[in-house]
S.K.: 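My questions will all concern the structure given below.
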Amino acid sequence: MATVDTLVRRVQVAHLPPIDSGHGIARLPAKLMKDMNLSEGDIIEIVGKRSTAARVLGPYTEDAGLDIIRLDGLQRANAGVGSGDYVEVQKATSKPATKVVFAPAQNNVRLHGSSQALKRSFAGRPFCEGDTVATAGHQRVNADMPDNIRQLLNAPAFALQEVRLTVMSTSPKGIVHIDASTQVELLPEFTEKKEGERRADVTYDDLGGMNDTIDALREMVELPLRHPELFQRLGVDPPKGVLLHGPPGTGKTRLARAVANESEAQFFHIAGPEIMGSAYGESEKRLREIFEEAAKAAPSIIFIDEIDSIAPKRGQVTGEAEKRLVAQLLTLMDGLEPRQNLVVIAATNRPEAIDEALRRPGRFDREIVIGVPDDRGRREILGIHTRGMPLGDGVNLDELARRTYGFVGADLAALTREAALEAVRRIMPKLNLAEETIPTEVLDALSVEAHDFENALKR
Ligand code: ADP
């Protein structure tokens, strides 16, 4: 017989705003918490296609009466769901782990962090094997949080920027947390996930100033990829191709990757200029191969960056090779069947420069303009790139956003990296470079200050 404690409830997933993201918390309806005998700070198991764990907080005031659970992008990936899907939640407990092994969740990241710092960064936070988790900084947590949770979330920074780690293994299995006696191991390099596990290197939470764009792409790409049956039933064909246009560094690549991850689709990246092979027929062959591979791996997204370089207006190209490549791309697009569950997203900053034939119905017949971010967008992007950064009290991101008129996402990312490097330069004299890991006292003292941003702005 079910007791109150084992009550399982189905609830619809919604997006958790950035202020609460990355801490491993979930926001639940007040009524559901009451029904399930949950208090703030309790732990729940969340089951979608996979299962993960979170610490519970009550709903936002504006969510009163809504039957939704708010999860951040990493949690959605960990549970194998997207916004709008349903999960089952159940009250749970977490066991202290005797051992936890982490590895970087991203390619091209080599970590030599101290496991001591890692341990402190994750102290008390519940997770399961296979989860992707983000390291904390001295984060500015939401003002409405109870003190005990605020304490828990104010974990010391592990690095100067947020680092994403995959929980490779835990003992015992199930929901665990790290405590003083846990042995924590950090593998230095990215490890390919097991079959069927979703990559959470980039989610919608990692894009600032793009809410409307994300909504549009969710409808055009994510929905058909996730629920092809819906479209078959309605007898409408989802788009095969979407063209993103906007200046370089505005997040087009990152967006395509996030849509693939959130749709649980495989991601194939074609860099326009790179595919132009030298040998006769080489580029067309490569293009055909990628389309074949993507079809086999479907649901898939093929992302063609700088499409203007492989499909310029045919009237303007002189080379035979370019003409053949455009023709090949058109043939491949025309050959795509709706039920193949494959979408091609192309990006360009010169939409007027691409062959018009590509923009006809059934090819890239949807277009989304990605503009330079406004004040609010820049503020969101700065928030994303300082996530997990130990920021000094004097740092005012609102003001920085106002002062960086004309900056695109890539510029803002570079600015925050530069500011972090300024902070590192300041502590360099205190470091004993012969030592393997940086002592915790030095790490604790490390923070990125307002003047670091000033200096970075001057560079
Ligand atoms: P594009 O494809 O438009 O040239 P990218 O997606 O390659 O731009 O962006 C480059 C980098 O700039 C990203 O990896 C990210 O760090 C940062 N960036 C760009 N736009 C955004 C955004 N809207 N939100 C957060 N970061 C962004």
Side-chain angles (χ1 to χ4, degrees), residues 82-84 202-204 206-207 209-228 230-232 234 236-272 275 287 290-291 293-295 297-313 325-326 328-371 409:
S83 295
V202 183
T203 76
Y204 295 142
D206 302 313
L207 290 156
M210 281 206 174
N211 288 342
D212 295 344
T213 311
I214 291 171
D215 285 348
L217 265 189
R218 286 199 68 196
E219 200 178 297
M220 276 179 221
V221 179
E222 184 187 327
L223 194 64
L225 285 179
R226 270 181 180 283
H227 302 290
L230 239 161
F231 287 74
Q232 276 157 20
L234 293 171
V236 288
D237 289 341
K240 294 182 195 173
V242 177
L243 187 66
L244 306 178
H245 55 88
T250 46
K252 299 182 291 299
T253 309
R254 189 175 256 226
L255 177 64
R257 209 174 255 289
V259 177
N261 285 341
E262 299 252 8
S263 313
E264 309 221 27
Q266 293 298 319
F267 186 75
F268 294 83
H269 186 165
I270 301 175
I275 199 161
L287 203 59
I290 294 171
F291 270 70
E293 250 180 84
S300 304
I301 286 177
I302 297 178
F303 178 66
I304 309 180
D305 201 3
E306 296 186 58
I307 193 170
D308 43 285
S309 64
I310 65 171
K313 285 203 168 78
L325 195 55
V326 182
Q328 177 67 81
L329 182 58
L330 292 175
T331 313
L332 287 168
M333 289 294 291
D334 291 344
L336 289 179
E337 298 283 338
R339 53 180 171 69
Q340 267 179 317
N341 231 357
L342 195 168
V343 181
V344 189
I345 299 179
T348 179
N349 56 346
R350 303 187 303 146
E352 69 298 337
I354 64 169
D355 194 328
E356 288 108 17
L358 271 172
R359 294 161 90 174
R360 300 228 176 91
R363 294 168 181 169
F364 294 96
D365 52 8
R366 309 293 166 94
E367 295 191 15
I368 297 183
V369 180
I370 316 262

S.K.: Using only atom types and a distance under 3.5 Å, with no angle test, would you say the side chain of Arg359 pairs donor to acceptor with the backbone of Leu243?
M.R.: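 Here the side-chain-to-backbone pair does not exist.
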S.K.: Between Asp308 and Ala353, what is the shortest heavy-atom contact and its length?
M.R.: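 Asp308 and Ala353 have their closest heavy atoms at CB-CB, 4.4 Å.
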S.K.: For a quick test of reading the model, state the closest non-hydrogen atom pair linking Pro299 to Glu264 and the distance between them.
M.R.: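 Here Pro299 and Glu264 meet closest at CG-O, 3.8 Å.
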S.K.: Any side-chain heavy atom of Leu225 sitting closer than 4.5 Å to one from Ile301?
M.R.: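 The answer is yes; the side chains approach within 4.5 Å.
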S.K.: Nearest 0.5 Å please: distance from the CD atom of Glu306 over to the CD1 atom of Ile354.
M.R.: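 Glu306 CD to Ile354 CD1: 13.0 Å, rounded to 0.5 Å.
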S.K.: Can you tell me if Arg254 uses its side chain to pair, donor with acceptor, with the backbone of Val202 under 3.5 Å?
M.R.: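 No, because the side chain of Arg254 does not come within donor-acceptor range (under 3.5 Å) of the backbone of Val202.
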S.K.: What's the separation between atom CD1 in Ile345 and atom CZ in Phe267, rounded to the nearest 0.5 Å?
M.R.: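 The CD1 atom of Ile345 sits 7.5 Å away from the CZ atom of Phe267.
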S.K.: How are the rings of Phe303 and His269 set to each other: parallel, tilted or perpendicular (split at 30° and 60°)?
M.R.: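 Perpendicular.
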S.K.: If you compare all heavy atoms of Ser309 against all heavy atoms of Gly272, which two are closest, and at what distance to 0.1 Å?
M.R.: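 Between these two residues, the closest heavy atoms are OG-C, 3.3 Å.
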S.K.: Using 0.5 Å steps for rounding, measure from the CD1 atom of Ile290 to the CD1 atom of Ile270.
M.R.: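 CD1 of Ile270 is found 4.0 Å from CD1 of Ile290.
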S.K.: Are the side chain of Asp206 and the backbone N or O of Thr203 linked by a donor-acceptor pair below 3.5 Å?
M.R.: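 Side chain of Asp206 to backbone of Thr203, a donor-acceptor pair under 3.5 Å: yes, one is there.
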S.K.: For the CD atom on Glu293, are there more than 12 heavy atoms of other groups (residues, nucleotides or ligands in this structure) within a distance under 6.0 Å?
M.R.: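 Atom CD in Glu293 is crowded, with more than 12 foreign heavy atoms closer than 6.0 Å.
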S.K.: Do you know the tightest heavy-atom contact between Ala346 and Phe364?
M.R.: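 Nearest heavy atoms, Ala346 then Phe364: CB-CE2, 3.5 Å.
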S.K.: Once rounded to the nearest 0.5 Å, what's the spacing between atom CD of Gln232 and atom CZ of Arg339?
M.R.: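 Here the interatomic distance stands at 8.5 Å.
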S.K.: Taking all heavy atoms of Arg218 and all of Pro224, pick out the closest pair and write down the distance.
M.R.: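 Where Arg218 meets Pro224 most closely, the heavy atoms are O-CD, 4.4 Å.
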S.K.: Any heavy-atom pair between the side chains of Phe231 and Leu223 that's under 4.5 Å?
M.R.: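 Touching, per the 4.5 Å side-chain cut-off.
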S.K.: Does Lys252 use its side chain to pair, donor to acceptor, with the backbone of Pro247 at less than 3.5 Å?
M.R.: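 Between the backbone of Pro247 and the side chain of Lys252 there is a qualifying donor-acceptor contact (under 3.5 Å).
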S.K.: Does the side chain of Leu336 reach to within under 4.5 Å of the side chain of Leu332, using non-hydrogen atoms?
M.R.: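 Leu336 vs Leu332: side chains apart.
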S.K.: Side chains of Ile275 and Ile304: does their closest heavy-atom pair fall under 4.5 Å?
M.R.: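 Side chain of Ile275 against side chain of Ile304, heavy atoms only: no contact under 4.5 Å found.
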S.K.: What distance do Leu244 atom CG and Ile370 atom CD1 have between them, rounded to the nearest 0.5 Å?
M.R.: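 With rounding to 0.5 Å, CG (Leu244) is 5.0 Å from CD1 (Ile370).
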S.K.: Could you check whether any side-chain N or O of Glu262 sits under 3.5 Å from a backbone N or O of Tyr204, counting only pairs where one atom can act as donor and the other as acceptor?
M.R.: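 Yes.
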S.K.: Quick check for you: to the nearest 0.5 Å, what is the distance between Ile214 atom CD1 and Leu255 atom CG?
M.R.: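 Nearest 0.5 Å value for the CD1-CG distance: 6.5 Å.
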S.K.: A side-chain contact here means heavy atoms from C-beta on lying under 4.5 Å apart; do Val343 and Pro239 qualify?
M.R.: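 No, too far: nothing below the 4.5 Å cut-off.
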S.K.: Is the backbone of Ala258 close enough, under 3.5 Å, to the side chain of Asn261 for a donor and an acceptor to pair up by distance?
M.R.: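 Flag not set: sc Asn261 to bb Ala258 has no pair under 3.5 Å.
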S.K.: Where do Glu222 and Leu217 land on the side chain to side chain contact (heavy atoms under 4.5 Å, CB included) test, with the steps shown first?
M.R.: CA-CA 7 Å; Glu222 184 187 327; Leu217 265 189; over 6 Å; no
S.K.: List the atom of Leu325, the atom of Leu287, and the distance in Å for their closest heavy-atom pair.
M.R.: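 Of all heavy-atom pairs spanning Leu325 and Leu287, the closest is CD1-CD2, 3.9 Å.
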S.K.: Got Leu329 and Phe291 here, is their nearest side-chain heavy-atom distance under 4.5 Å?
M.R.: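 Answer yes - side chains close enough.
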